[in-house]
K.L.:
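One structure is given below, represented as structure tokens, and several questions about it will come after.
Every chain is numbered from 1, with letters handed out A, B, ... down the list of sequences. Keep in mind that this is a model prediction, so the values were computed, not measured. What's counted below: heavy atoms across the whole structure, side chains too, no hydrogens, waters or symmetry copies.
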Protein chains: 2
Amino acid sequence: MSATIRDVATLANVSPSTVSRVIANNQAISLETAAKVRGAMVRLNYVPNANARSLAKHRTKTIALTIARSAEEAFANPFFAELLRGIASACQQRDYKLMLSMSSNSDWEVKDALQMVKGKQVDGLILSSVRADDFLVEALLAEQVPFVLIGRSLKHHVAMVNNDNIDCAIQGTRHLVERGRQRIAFISGPRDLVVSLDRIEGYRRALRASSRNLPELVVETSFTTAGGREAMARLASLAEMPDAIVAADDVIALGVIHWLKEHGFAIPADVAVIGFNDDPMSAFMQPALTTLRISTYALGFESARMLIDMLENQSPSEQLVIPAELIVRQTT
Amino acid sequence: MSATIRDVATLANVSPSTVSRVIANNQAISLETAAKVRGAMVRLNYVPNANARSLAKHRTKTIALTIARSAEEAFANPFFAELLRGIASACQQRDYKLMLSMSSNSDWEVKDALQMVKGKQVDGLILSSVRADDFLVEALLAEQVPFVLIGRSLKHHVAMVNNDNIDCAIQGTRHLVERGRQRIAFISGPRDLVVSLDRIEGYRRALRASSRNLPELVVETSFTTAGGREAMARLASLAEMPDAIVAADDVIALGVIHWLKEHGFAIPADVAVIGFNDDPMSAFMQPALTTLRISTYALGFESARMLIDMLENQSPSEQLVIPAELIVRQTT
DNA sequence: CCATTCTATGCAACCGCTTGCATAAACGGC
DNA sequence: GCCGTTTATGCAAGCGGTTGCATAGAATGG
């Protein structure tokens, strides 16, 4: 077994409390004693037991990210990789550990998240991909668990970091309207996610605002490349094919582009395409994808920072909106 | 504060030990008592404190994945996303939690990993991207920490799951040789990684085996798209430009292709390209990328499974090699 | 019917660290 | 030189579980 605080105490000829105070950088401890104890710690290669510490202090310095999809699917989308990058980076800066929780079904998700927090494995949660009917949010609120949302809740005022997805969709759609497109279709992600509802809403508003009486055309699919292909195929089988697509995600857009190329359509001449996220690959596609850069990394970084702030200073929960930007490239 | 085992005990009119035994599914407890206790647990919404439990049992049911790059870079490459997918899935199956540790510099990496294990936050580690001079492996070995490697160690016999990277590179290179290419260059990832050394080795062997006396041409870059572009630019500035590229990673290959298209080279007519990994995007690139499918997901899944097996049965450490497959698409 | 074994449960020590309170020594003021 | 502060450290009771050992009562056997 590894050395305990008692071993250190014995070696340094002090009491365990003193060692504990040295660890905590308590000012009451004299410099000589502290030095003596530190010496003993390195000599014994001592590392404090985090469990014992958490048990006594009621804090773990660990947060968890919950991803509300099955492990099988979650990371197929680069969005999560980017998000994680941002979160990990903030954790590193603040000396927090990061746990991951993924689950496919909603019950399991709630159970797992609650267990981690109530079981005192983590101090708080970051929730990604918020559903419209969010049981988890309600459960966490009921249990007074500190958490921050990536996205926004339809019903509750909670800490969150989000994009203005309605506005994003307006920007993207308006861009196509301005390019003179006549049949602008929207390919949405799953409609049980708030982000999907918001983007659909923005799309609709932009069309209505256009004063050109453009038809609304919304289809739903999953946030995958395959989903994009399939949705595009459905749209293409319509009486009149769209001449522009707003895809709710870059990977969907990738699928769309792939389908279009395979079937001999020119982009953007025949069909213009616009995506969401500005995934790292999007600049490198052929043709390079016009997209809404939502700063996924910042979303992740800020959510972790906010959560840790809440945990440490009990500072009030914020509502942060990360600005997005339309990146015009070759597909429009 | 949430309910403790004592609260449950009081409510159920038994001792804490009995409750503990019910939690552990101890057979000695009578069915009635167990039912009574379970009733009390749900009534109190009881969740055992994982810290107290770990402290007493010396086990956490948590493992960590260490990623030996800075948080900033690690997830730019879809390889890690796929890997994580596999690991998370195995953890879910076996009811383990997953922690993440990322670090840019080697000292920090060792410190962080050791701290997690010696601090009893996790029971074992999965190490990704093994360096040639692996301090971490040696440190872990010295401390008798359970771990499994993704990749292989040059110096130590340890639990690992790997591809036969030498063979992969041979397959890929031979494929180009057979297509009659004359100047086959290899773009490697950082040479301090074992995987890089192995792939270079395979490339060399394949060329030598070709009996056509083909020149060896190796350049090094990072595992990024930008790295691929830059490396290709370097190769193109040579007296004689290569007519085939083996890229040690699909994202590198993507950068190569991008550079080639921009500069008006036809693929594969002028230059053939082959990658490694079969990232999800690779099938969808234009032209679709020929690549070695190394089953990244399986790599992750198996490594977690193996680690948990070791942890639970003290079963001997295995050495697993995941087969790879050459996927021929349009770039060769 | 009593001794013996078995079954189900309780007691209490322990896992390793933190922290409120107590205290001895050092200090300062008069 | 005495007393009230201040300073540095120790004591011991937690934090919330687990588990070896003891034991009361039930079951078994002769």
Side-chain angles (χ1 to χ4, degrees), chain A residues 1-41 44-62 114-123, chain B residues 1-41 44-62 97 115-123:
Chain A
M1 277 299 128
S2 25
T4 74
I5 206 170
R6 260 166 262 269
D7 301 327
V8 177
T10 309
L11 182 60
N13 245 304
V14 296
S15 74
S17 342
T18 302
V19 178
S20 176
R21 292 194 177 101
V22 171
I23 296 173
N25 253 312
N26 189 318
Q27 290 308 316
I29 303 296
S30 74
L31 292 174
E32 315 135 78
T33 310
K36 201 170 49 173
V37 170
R38 292 226 169 74
M41 296 202 302
L44 289 176
N45 199 358
Y46 170 73
V47 177
N49 182 312
N51 292 125
R53 189 166 242 253
S54 302
L55 183 58
K57 301 196 65 158
H58 306 284
R59 306 202 49 246
T60 62
K61 293 201 89 176
T62 304
L114 243 36
Q115 204 159 282
M116 288 182 123
V117 194
K118 298 198 71 185
K120 302 289 188 287
Q121 287 227 78
V122 303
D123 295 335
Chain B
M1 279 296 132
S2 26
T4 75
I5 205 170
R6 263 164 257 270
D7 301 328
V8 176
T10 308
L11 182 57
N13 245 303
V14 295
S15 74
S17 343
T18 300
V19 177
S20 177
R21 291 191 178 104
V22 171
I23 295 172
N25 251 310
N26 189 317
Q27 290 307 316
I29 302 296
S30 73
L31 293 174
E32 313 135 80
T33 310
K36 199 171 53 176
V37 170
R38 294 226 168 76
M41 297 201 303
L44 289 177
N45 199 356
Y46 170 72
V47 177
N49 182 311
N51 291 124
R53 190 166 241 254
S54 302
L55 184 57
K57 302 198 65 158
H58 306 284
R59 307 202 49 248
T60 62
K61 292 202 88 178
T62 304
K97 305 277 192 250
Q115 203 158 283
M116 288 182 126
V117 193
K118 298 197 71 182
K120 303 287 189 287
Q121 289 227 77
V122 303
D123 295 333

K.L.:
Could you tell me whether the side chains of A:Ser20 and A:Ser17 share a donor-acceptor contact shorter than 3.5 Å?
P.N.:
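The criterion, which ignores hydrogens and geometry beyond distance, is not satisfied for A:Ser17 and A:Ser20.
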K.L.:
What is the distance from CD1 of A:Ile23 to P of C:dG16, rounded to the nearest Å?
P.N.:
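Those two atoms, CD1 and P, are 14 Å apart.
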K.L.:
Compute the angle between the rotation axes at the two ends of the helix from C:dC1-D:dG30 to C:dC30-D:dG1, each taken over five pairs, rounded to 10 degrees.
P.N.:
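Axis angle across the helix from C:dC1-D:dG30 to C:dC30-D:dG1, nearest 10°: 40°.
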K.L.:
Does the side chain of A:Lys36 come within less than 4.5 Å of A:Val22's, by heavy atoms?
P.N.:
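Heavy-atom side-chain distance check fails, nothing below 4.5 Å.
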K.L.:
For the base of D:dG16, is there a side-chain donor-acceptor partner from B:Arg53 under 3.5 Å away?
P.N.:
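By the distance-only test, no, there is no pair.
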K.L.:
Report each atom pair, protein N/O against N/O of nucleotides 8-11 of chain D, whose distance is under 3.5 angstrom.
P.N.:
{"from": "D:dA8", "atom 1": "OP2", "to": "A:Ala28", "atom 2": "O", "distance (Å)": "3.4"}
{"from": "D:dA8", "atom 1": "O5'", "to": "A:Ala28", "atom 2": "O", "distance (Å)": "3.4"}
{"from": "D:dT9", "atom 1": "OP1", "to": "A:Ser30", "atom 2": "OG", "distance (Å)": "3.3"}
{"from": "D:dT9", "atom 1": "OP1", "to": "A:Thr33", "atom 2": "OG1", "distance (Å)": "2.2"}
{"from": "D:dT9", "atom 1": "OP2", "to": "A:Ser30", "atom 2": "N", "distance (Å)": "2.9"}
{"from": "D:dT9", "atom 1": "OP2", "to": "A:Ser30", "atom 2": "OG", "distance (Å)": "3.4"}
{"from": "D:dT9", "atom 1": "OP2", "to": "A:Thr33", "atom 2": "OG1", "distance (Å)": "3.3"}
{"from": "D:dG10", "atom 1": "OP1", "to": "A:Ser15", "atom 2": "N", "distance (Å)": "3.4"}
{"from": "D:dG10", "atom 1": "OP2", "to": "A:Ser15", "atom 2": "N", "distance (Å)": "2.8"}
{"from": "D:dG10", "atom 1": "OP2", "to": "A:Ser15", "atom 2": "OG", "distance (Å)": "2.9"}
{"from": "D:dG10", "atom 1": "OP2", "to": "A:Thr18", "atom 2": "OG1", "distance (Å)": "2.3"}
{"from": "D:dG10", "atom 1": "N7", "to": "A:Arg21", "atom 2": "NH1", "distance (Å)": "3.2"}
{"from": "D:dG10", "atom 1": "O6", "to": "A:Arg21", "atom 2": "NH2", "distance (Å)": "2.7"}
{"from": "D:dC11", "atom 1": "N4", "to": "A:Ser17", "atom 2": "OG", "distance (Å)": "2.9"}

K.L.:
Answer with yes or no whether the side chains of B:Lys97 and B:Thr60 bring together a donor and an acceptor at under 3.5 Å.
P.N.:
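Checked: B:Thr60/B:Lys97 side chains show no N/O donor-acceptor pair below 3.5 Å.
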K.L.:
Kindly indicate, with the supporting measurements, whether the criterion side chain to side chain donor-acceptor pair (under 3.5 Å) is fulfilled by B:Ser2 and A:Lys120.
P.N.:
CA-CA 10 Å; B:Ser2 26; A:Lys120 302 289 188 287; 3.2 Å; yes
K.L.:
Is any side-chain heavy atom of A:Tyr46 closer than 4.5 Å to one of A:Val37?
P.N.:
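No, every pair of side-chain atoms sits at 4.5 Å or beyond.
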K.L.:
Output, in order, the C-alpha distance, side-chain angles, deciding distance and verdict of side-chain contact (heavy atoms from CB on, under 4.5 Å) for B:Lys118 and A:Asn49.
P.N.:
CA-CA 7 Å; B:Lys118 298 197 71 182; A:Asn49 182 312; over 6 Å; no
K.L.:
Whole angstroms only, please: what is the NE2-C1' distance between A:His58 and D:dC15?
P.N.:
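Rounding to the nearest Å, NE2 of A:His58 and C1' of D:dC15 are 5 Å apart.
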K.L.:
Can you tell me the distance, in whole Å, between the CD atom of A:Glu32 and the P atom of D:dT7?
P.N.:
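Checked: the CD to P distance equals 15 Å.
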K.L.:
Go through the steps to decide whether A:Thr18 and A:Thr33 satisfy the test side-chain contact (heavy atoms from CB on, under 4.5 Å), and finish with yes or no.
P.N.:
CA-CA 9 Å; A:Thr18 302; A:Thr33 310; 3.8 Å; yes
K.L.:
Whole angstrom is fine here: how far is it from CG in B:Asn51 over to P in D:dT18?
P.N.:
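One finds 12 Å between P of D:dT18 and CG of B:Asn51, rounded.
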K.L.:
Separation of B:Asn49 atom CG from D:dT18 atom C1', in whole Å?
P.N.:
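About 13 Å, once rounded to whole Å.
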K.L.:
Could you state the atom-to-atom distance from CG of A:Asn25 to P of C:dT19 in whole Å?
P.N.:
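Rounded to the whole Å, the gap is 13 Å.
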K.L.:
Between B:Arg59 (CZ) and D:dT18 (P), how many Å, whole number?
P.N.:
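Computing the B:Arg59:CZ to D:dT18:P distance gives 13 Å.
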K.L.:
Using whole Å, report how far NZ of B:Lys120 lies from P of C:dC15.
P.N.:
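Computing the B:Lys120:NZ to C:dC15:P distance gives 13 Å.
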K.L.:
With a 4.0 Å cut-off on heavy atoms, is B:Ser20 in touch with a base, just the backbone sugar-phosphate, or nothing at all?
P.N.:
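Base, at least one base atom sits under 4.0 Å.
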K.L.:
Taking only distance into account, with no hydrogens and no angle test, what donor-acceptor pairs under 3.5 Å do side-chain atoms of residues 4-11 of chain A form with protein atoms, sequence neighbours excluded?
P.N.:
{"from": "A:Thr4", "atom 1": "OG1", "to": "A:Arg6", "atom 2": "N", "distance (Å)": "3.1"}
{"from": "A:Thr4", "atom 1": "OG1", "to": "A:Asp7", "atom 2": "N", "distance (Å)": "3.4"}
{"from": "A:Asp7", "atom 1": "OD2", "to": "A:Thr4", "atom 2": "N", "distance (Å)": "2.8"}
{"from": "A:Thr10", "atom 1": "OG1", "to": "A:Arg6", "atom 2": "O", "distance (Å)": "2.8"}

K.L.:
From the set C:dC15, D:dG16, C:dC17, return the single nucleotide nearest to any side-chain atom of A:Leu55.
P.N.:
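Closest nucleotide to the A:Leu55 side chain: D:dG16.
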K.L.:
Answer whether the closest heavy-atom distance between the side chains of B:Gln121 and B:Thr62 falls below 4.5 Å.
P.N.:
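Not touching, per the 4.5 Å side-chain cut-off.
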